[in-house]
Amino acid sequence: MPPFGGRARYVPVETVAHYRQFLDTYQWLEAGGFGWTVYKTDGAVPGVGEIADALSVSGDVDIQEMAVAEEPLSVPESVVFFEMFTDGYFLFQPEESYISENVVLENLSVNGRLWNISWSAGYHSRLACAEAGEINLKWLNFQSSEFPRPRAIHAVEEQIDLINPILRKENRGFTLEEMMAVMDLATGVRLPGDWVDGVRPCMIIHDPLPQAGWPFG
């Protein structure tokens, strides 16, 4: 089955195990940081140029291929790796999480809906969901296992309820691997186990949208 879209959903235990293995293999991601976004639409999937317009003030981006694990570090601008699938996009940023900015999430979701995980070595983390230009979930520091108040997590509530029995059985709280599993189960899109080993297409954003400091709201 293809990794991006068009697949049956995985079972919760297997999904958590997949991301546990992923993070064990790529420990530099958990030690550093990354942003993972899934964008979906019920209409026509926008072209790459439209995605670029949503990520940049001017839409001025270069599109090229880079090694995910190495080359972004040598580029001063924000680098967003992307894959297009049948009803949306998979977006990934190693080392930073520009897409996690509130204004970017709102802009990108105007004609669809999205799910986003941002991770900064455990100092800051967030799961966010947005639809039709509005953020409808901000779960800050999800590794604390404290749900947002009020508990307005309807966007991923079903998937969280699927993961909770695993955590109770193992007597522990949410970690990054469980939240990545929530993303996978909610979207039907998997981050493949060897994806960050490859050379992938990316957008280099020269004119970013104003940043809003997402960790504070």
For the backbone of Thr187 and the side chain of Trp115, can you confirm whether one donor and one acceptor N or O come within less than 3.5 Å of each other?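 The answer is no, because no donor-acceptor pair under 3.5 Å joins these two groups.
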Under 6.0 Å between ring centres: does that hold for Phe90 and Phe82?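 No, ring centres 6.0 Å or more apart.
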Aromatic contact, Phe81 with Trp36 (centres under 6.0 Å): no
Contacts of [X] that satisfy side chain to side chain donor-acceptor pair (under 3.5 Å) - sequence neighbours left out:
X	value
Gln21	Thr25
Asp207	Ser58
Thr37	Asn116

Considering non-hydrogen atoms only, spot the tightest contact between [X] and [Y] and give its length.
X	Y	value
Gln93	Val79	CG-O, 3.2 Å
Trp28	Pro94	CZ3-CB, 4.1 Å
Leu176	Phe34	CD2-CE2, 3.8 Å
Glu131	Asn136	CB-ND2, 3.9 Å
Pro201	Glu83	CD-OE2, 4.3 Å
Val48	Tyr89	N-OH, 3.3 Å

Identify, with sequence neighbours excluded, every residue that meets salt bridge (Lys or Arg N to Asp or Glu O under 4.0 Å) alongside Glu170.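 In terms of salt bridge (Lys or Arg N to Asp or Glu O under 4.0 Å), with neighbours along the sequence ignored, Glu170 is linked to Arg20, Arg172.
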Run the salt bridge (Lys or Arg N to Asp or Glu O under 4.0 Å) test against Asp42 and tell me which residues pass, sequence neighbours left out. Arg113
Of [options], the residue whose pairing with [X] passes side-chain contact (heavy atoms from CB on, under 4.5 Å):
X	options	value
Val80	Val61, Ile204, Ile205	Ile205
Val68	Leu29, Val199, Val196	Val196
Ile117	Leu191, Val38, Leu127	Leu127

Is it the case that over 12 heavy atoms from other parts of the model lie below 6.0 angstrom from the [atom1] atom of [X]?
X	atom1	answer
Asn111	CG	no
Glu158	CD	no
Gln64	CD	yes

Side chains of Lys138 and Arg126, heavy atoms from C-beta outward: is any pair under 4.5 Å?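 Yes, close enough: below the 4.5 Å cut-off.
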Mind checking whether Met179 and Tyr19 have side chains closer than 4.5 Å, heavy atoms only?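 They are not in contact (no side-chain heavy atoms under 4.5 Å apart), so the answer is no.
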Side-chain donor-acceptor pair under 3.5 Å between Glu178 and Thr175, yes or no?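 Yes - a donor-acceptor pair under 3.5 Å links their side chains.
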The criterion is ring pair (Phe, Tyr, Trp, His ring centres under 6.0 Å); which residues satisfy it with Phe22, sequence neighbours excluded? Tyr26
